[in-house]
Structures are given as structure tokens and as C-alpha cells.
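Quick note on labels: first sequence line is chain A, next is B, and so on, each numbered from 1. Predicted model, so just to flag it, every value in this text is computed and none were measured.
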Amino acid sequence: MPELPEVETLRRDLSRTLVGRTILTATARIPKLFVEPPGPEILVGHTILALSRRAKFLIWELSGDLVMVMHLKLAGQIIHRDAEGRTIASGGHPVPGFTAPMPHKQTNATFTLDDGSTVYMTDIRQFARIRVLYAHDLPAFLRTYRLGPEPLTRAFSSRALAKGLSRHPRLAVKPALLDQRTVAGLGNIYVDESLWQARIHPERLAGSLSEEEIRRLARAIRSVIDHAVTNGVAEILNGRAAPEHAFPRVHGREGARCPRCRREIVKTRVGGRGTYVCGRCQPLPLSVSA
DNA sequence: AACTACTCCTGGAGGC
DNA sequence: TGCCTCCAGGAGTAGT
């Protein structure tokens, strides 16, 4: 569930509470959490210099030429509690709640810091992964993913999107967008939202989109991601946002009315993923569905 | 090379 | 209540 906006929001919040702190202890409950050596013990004594992000990777930049690269996958969550046990930063998957007692049985890693605070990493599905690298090896590590442009940077444009989609001309546009080489950081929710906003059916073949549609899609991706990052995605997903900011607009809203045309939102399956569309706003021409 | 299907996991929902 | 199946889904990988 954590996609670019969730990870970026988390990065910003943790930047305020973690930078300058030194790690006193680091433990993992599940050995496979740290994909390969070194394990968490190497982090002890290192100071957190900055937090950065690439696609859905959360990157802890540490003293001594180390980086810790986290991927929350579907259900990873991070909670930072101060010495009194108050949550001072949190993000990722909202279940269990950020106020739940920590640690609990799904707390898979724990980091204690020099100010008495503690960072808990939880993951009810155990898919999340952590990798510790030398900082000078990080660029090569990221290069192996051949990640596409970040949607909120100048590198992302309708031209860049067209180029990315041209890699999969015979593939449905939804799985093409989920490929991190096309655009970095999109996941199932934001792809559905972007396609709805651009009025493009997820099963349209990537190669069938007109230039105008690709422009619309690029604008939609940028605005959907920007909106989520700007407005604080966790609160939006918790339903606490104002109605005009209700989000998601289609994903997970089977049976609700399309906010644009009032037609019922239907759930389908595209590329093996649960997919939500408005049948009126996002037409699927017969010529490309055959 | 490119695409599909399966896998990793657990918990929650729904059927009976 | 309880047992069963299905589903959630990022990304790695095995198979076609």
C-alpha cells in the first residue's frame, strides 16, 4: 500500500525527528528482513544524516559511508516514539494504528536512539525488506532497477511518459504504469486514480494512446501525486479530509458514484490487480479490447 | 525480450 | 461460533 506519496510523507516527517540522532541498538526479529549481510548490528554507533527517497525506497543516509535502504512493500509501517512513548513521526501502512502499543508481534525491527526515542518497523505481511549498503554503492544498486522518472520532478513530462509507455506497446496501460521503469513510485491506488482523472481505461493498450491522451495522463499523474503529498495522504486515506478532497476518488469505491459523472464505479481485474473504473468516463473502445 | 503466473505473508471479510 | 476460501498487493522470479 505505501506508494510514492506515503513514502515521501514519511520521509519528510522522519527528517524532522531523526536527523542528527545516533543509533544505539538495532535489532531485527525476522532474519530475512535484512536481505543480505550486513545485518542490523552494523548500524550501531552511526548517526542519521538525512533521509531521502527514490521511487518507493526510503533511504537512511548514515555517517561512516553507510545507507540503509528500506522498502515497505505492501504493509510496512514505521513509528517513531519519543522517550515518553509518544508518537512523533509515523507512516506507511495504517494498520495496525499508529497509536498501537509497540513493540507488538508484528514489530520486525527496532532501533533505539541516543535521545531515548525508538523507531519501530512493523509489517503484518513480512514483505518489507531492508538492505544496508556502502553509500558509494547506492547509485549502482538503484541503477539495477532502471527506475523511471520521479513524477514530481522536471525529468517527468508527457514526452518521458510516452517514451516509457513505448516500451510496452502491446501491454495494457495499467500494468505498464505499475512497471517502475515507466514512472517511479506509482502503485495500484495511484494508477487507478491517475487513469480515472485522465479518463483512460486501464485496459487500453499502452501503444494505443494518442499524444493528447498521454499528455492528459502525465498531467493526471503529476496532479494526483502532488495532491496526495501536499495534503498528507494518511489523513486523506483515514477519511478525515474535507469532502471535496475525498481520496481515493475511485480506488476501493466499488458501487459508489463517479465524482465526475455519477455513474457507478465498477471493480474489475487488470493484470491480476483489483482495478476500479468508471465505465462512462473511461471508455474501452471495442477495437482495442479485442 | 516480453509477458504471465506464481510466490512471498498475514489478517480481515464473507459464506455457510 | 468456527472453519473455509478469497482477497489485499510490490516486486522478484520461474516458466512460456
Side-chain angles (χ1 to χ4, degrees), chain A residues 1-8 10 28-36 53-59 69-78 91-98 100-101 103-109 120-131 141-148 150-151 163-195 202-208 225 228 233 237-238 248 250-255 265-277 288:
Chain A
M1 170 113 53
E3 304 180 28
L4 188 159
E6 286 81 5
V7 180
E8 176 60 19
L10 179 59
R29 190 180 62 88
I30 296 178
K32 68 186 174 188
L33 178 60
F34 283 74
V35 183
E36 58 193 344
R53 181 192 57 75
R54 179 73 170 105
K56 300 168 194 166
F57 292 106
L58 179 65
I59 302 165
V69 182
M70 288 184 163
H71 199 303
L72 299 176
K73 294 288 181 84
L74 305 187
Q77 173 189 73
I78 292 177
H93 196 257
V95 178
F98 298 119
H104 57 70
K105 65 172 181 172
Q106 308 296 359
T107 304
N108 296 334
Y120 301 98
M121 197 231 188
T122 78
D123 180 8
I124 58 173
R125 293 193 184 120
Q126 299 181 17
F127 286 172
R129 291 292 180 265
I130 297 176
R131 193 182 296 260
F141 168 75
L142 291 174
R143 263 200 304 279
T144 64
Y145 289 89
R146 292 188 285 161
L147 296 165
E150 290 283 330
K163 190 180 166 196
L165 291 175
S166 72
R167 216 192 308 272
H168 308 284
R170 300 287 303 160
L171 188 63
V173 65
K174 172 160 181 174
L177 290 173
L178 287 172
D179 183 339
Q180 299 297 294
R181 293 174 296 178
T182 307
V183 186
L186 298 185
N188 205 32
I189 296 174
Y190 292 96
V191 165
D192 278 7
E193 295 299 301
S194 299
L195 288 168
E203 287 181 283
R204 289 279 306 282
L205 299 187
S208 77
I225 298 292
V233 67
L237 289 173
N238 284 343
V250 287
H251 190 91
R253 300 173 69 96
E254 181 180 22
I265 294 163
V266 293
K267 182 181 183 187
T268 62
R269 193 160 273 273
V270 179
R273 308 290 170 93
T275 300
Y276 299 83
V277 299
V288 297

With a cut-off of less than 4.0 Å, is there a side-chain N or O of Gln180(A) near OP1 or OP2 of dG10(C)? no
At under 4.0 Å, does any side-chain N or O of His71(A) touch on OP1 or OP2 of dG10(C)? no
For [X], which residues count as a side-chain hydrogen bond (donor to acceptor under 3.5 Å, both in side chains) partner, sequence neighbours excluded?
X: Thr275(A); value: Lys174(A)
X: Glu193(A); value: none
X: Arg181(A); value: Asp179(A)
X: Glu150(A); value: Arg53(A), Arg54(A)

With sequence neighbours left out, the residues meeting ring pair (Phe, Tyr, Trp, His ring centres under 6.0 Å) with His168(A) are none
By ring pair (Phe, Tyr, Trp, His ring centres under 6.0 Å), which residues pair with His251(A), not counting sequence neighbours? Tyr276(A)
Output every pair passing salt bridge (Lys or Arg N to Asp or Glu O under 4.0 Å) with a member in residues 265-277 of chain A, not counting sequence neighbours, ordered by first then second residue. none
Between the two end axes of the helix from dA2(B)-dT16(C) to dC16(B)-dG2(C), each built from 5 base pairs, what angle do you get to the nearest 10°? 50°
Distance check needed: dA11(C) P versus Lys174(A) NZ, whole Å only. 14 Å
Could you give the CZ-to-C1' distance, from Arg269(A) to dA5(B), as a whole number of Å? 12 Å
Report, one pair per line, the protein and nucleotides 12-15 of chain C atoms (nitrogen or oxygen only) whose separation is under 3.5 Å.
{"from": "dG12(C)", "atom 1": "OP1", "to": "Tyr145(A)", "atom 2": "OH", "distance (Å)": "3.3"}

Using a cut-off of 4.0 Å on non-hydrogen atoms, how would the nucleic acid contact of His251(A) be classed: base, sugar-phosphate, or nothing? sugar-phosphate
Who are the side chain to side chain contact (heavy atoms under 4.5 Å, CB included) partners of Leu33(A), not counting sequence neighbours? Ala28(A), Asn108(A), Ala109(A), Met121(A), Ile130(A)
Applying side chain to side chain contact (heavy atoms under 4.5 Å, CB included) to Val35(A) and not counting sequence neighbours gives Arg129(A), Arg131(A)
Protein-nucleotides 9-12 of chain B N/O pairs closer than 3.5 Å?
{"from": "dC9(B)", "atom 1": "OP1", "to": "Lys32(A)", "atom 2": "NZ", "distance (Å)": "2.1"}
{"from": "dC9(B)", "atom 1": "O5'", "to": "Lys32(A)", "atom 2": "NZ", "distance (Å)": "3.1"}
{"from": "dT10(B)", "atom 1": "OP1", "to": "Gln126(A)", "atom 2": "NE2", "distance (Å)": "3.3"}
{"from": "dT10(B)", "atom 1": "O4'", "to": "Ile124(A)", "atom 2": "O", "distance (Å)": "3.1"}
{"from": "dT10(B)", "atom 1": "O3'", "to": "Gln106(A)", "atom 2": "NE2", "distance (Å)": "3.3"}
{"from": "dT10(B)", "atom 1": "O2", "to": "Arg125(A)", "atom 2": "NE", "distance (Å)": "3.1"}
{"from": "dG11(B)", "atom 1": "OP1", "to": "Lys105(A)", "atom 2": "NZ", "distance (Å)": "3.1"}
{"from": "dG11(B)", "atom 1": "OP1", "to": "Gln106(A)", "atom 2": "NE2", "distance (Å)": "2.7"}

